[in-house]
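Take a look at the structure below.
What you are looking at is a predicted structure, and each value in this text was computed from that prediction instead of being measured. Every chain is numbered from 1, with letters handed out A, B, ... down the list of sequences.
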Number of protein chains: 2
Amino acid sequence: MYLMMKMNNKRSSKEKLIEAMADLLLEKGLASTSPRDILTRAEVGQGSLYHYFNGKEDLSLHAIKYNVEQLISCNTSVLNTDKNAYSKLSDLLLKYRNINRGCLVGQLARDRSIMENKELAAEVTRGFESMKQTLENLIKIGIAEGSISNVLAPLEAVTLIISTLQGAYISAKGLQDDSYFHLTINTLLKIFIP
Amino acid sequence: MYLMMKMNNKRSSKEKLIEAMADLLLEKGLASTSPRDILTRAEVGQGSLYHYFNGKEDLSLHAIKYNVEQLISCNTSVLNTDKNAYSKLSDLLLKYRNINRGCLVGQLARDRSIMENKELAAEVTRGFESMKQTLENLIKIGIAEGSISNVLAPLEAVTLIISTLQGAYISAKGLQDDSYFHLTINTLLKIFIP
DNA sequence: GTCTATACCAGGATAGAC
DNA sequence: GTCTATCCTGGTATAGAC
């Protein structure tokens, strides 16, 4: 019965609001997203927003958590394959990545309005930490099994990977040429070929 | 006489406005910077803003140009030393870089309001192209003189460097730990040791 | 050129009916 | 729970005096 509710594709107004906001945070950012935008996207009335949440920032917290969970579950599904560590790394950096939408947590970290709010920032940091932990484990396994080069220590490798991934979106944006995203990631991967 | 004016530290209202806006774009971004913010920072009255410029976005264009010129002249001064190419690369990535202010052009590329305006975006892209060209020349010289490793082709190297630099700011922000900025840059530099 | 006053609109939230 | 009406504030720009 409870499962039925979750599986039902008729989402509640509350869910619609969270998902709409989660999208909008990636698309327009917190400051530029107005209540109007949210209501239009969610297809619910204004009453619902203020019934379920204490305003925009409160809804943001739920939306950010939603995005972080999405990222984590996405990463988990990549890890649960039987490829070698290097292939998994490649998948993490290229699969499920939409250059227009940007990184699920990176976009949030770049949002000043979000990072200026301690509560919201903490949630974003949780996402980054998770990503970092996931990558660190993966690198260690890769080095052990020989599919990933050991030129860099795991922590160095992880730091480089996360930064480069985040920056790849920005370079592509700044140069106004999306091909730089893939060029960057492919170059990055090259470094880890044993 | 004309030089006198330029050397005079009594800046004109117009210059004050451009410099104030240039700062604010890095600090708060375009959308979150209001005319009030600008006037306060520039210490000029409201009349001046609309006398010299056609509103906020027009002023932004001048401010962005100002920042791009700053970056270029900054880079030029690093290149005009007699260190080897590797040392210059290291200086470019670490000197004159303020983690709180962010990259002079990277911050602008991350600003949606800026990049949505074709004219403003073009100026930001000019800054990126300049950075890219500067680095590419430097890498080629470094490879030729033997101070920079040739494991990566110049274009690959440049792409990786720019992306990683930009992403380093974001990782530090997302993880809420500035030490990741330097860890990232130092790891990046390691790759280019011959 | 610079100032003050004014106007207008949008963001964000509240109140009370249904 | 959801809707509509209303309200307050601040961003942005204009007008006209000096």
Interatomic distance, A/H51 NE2 vs D/dT4 C1' [rounded to whole Å]: 17 Å

Taking atom C1' of D/dT12 as reference, at what distance in whole Å does atom CZ of B/F53 sit? 16 Å

Return no unless some side-chain N or O of A/S13 is found under 4.0 Å from OP1 or OP2 of D/dG1. no

Nearest-Å distance, NZ (A/K28) to P (C/dA10)? 13 Å

Any chance you could list the contact pattern along nucleotides 11-18 of chain C? Use B for base contacts, S for sugar-phosphate-only contacts and - for none, protein heavy atoms under 4.0 Å, 5' to 3'. SSBB----

Spacing between B/D58 atom CG and D/dA13 atom P, to the nearest angstrom: 10 Å

Side-chain N or O of A/S48 less than 4.0 angstrom from OP1 or OP2 on D/dT2? yes

I'd like to know if A/K140 and A/E136 make a salt bridge, using a cut-off of under 4.0 Å between side-chain N and carboxylate O. yes

Grab the CD-C1' distance between B/E43 and C/dC3 for me, whole Å please. 17 Å

List, one per line, each side-chain donor-acceptor pair under 3.5 Å for residues 98-105 of chain A, sequence neighbours excluded.
residue : atom : partner : partner atom : Å
A/N98   : OD1  : A/N100  : N            : 2.7
A/N98   : OD1  : A/R101  : N            : 3.1

Given atom CG of A/L17 and atom C1' of D/dG1, what is their separation to the nearest angstrom? 12 Å

B/L49 has an atom CG; how far is it from atom P of D/dG11, in whole Å? 14 Å

Electrostatic pair A/E27-A/R41, nearest N-O below 4.0 angstrom: yes

Checking A/K132 now: which residues fulfil salt bridge (charged side-chain N to carboxylate O under 4.0 Å, His left out) with it, not counting sequence neighbours? none

Give a yes or no on whether the backbone of A/T33 and the side-chain of A/K56 come within a donor-acceptor separation of less than 3.5 Å. yes

Take A/F192 and A/Y86, measure what ring pair (Phe, Tyr, Trp, His ring centres under 6.0 Å) needs, and give me the verdict at the end. CA-CA 8 Å; A/F192 294 99; A/Y86 181 88; 8.1 Å; no

B/Y52 OH to D/dA13 C1', straight-line distance once rounded to whole Å: 19 Å

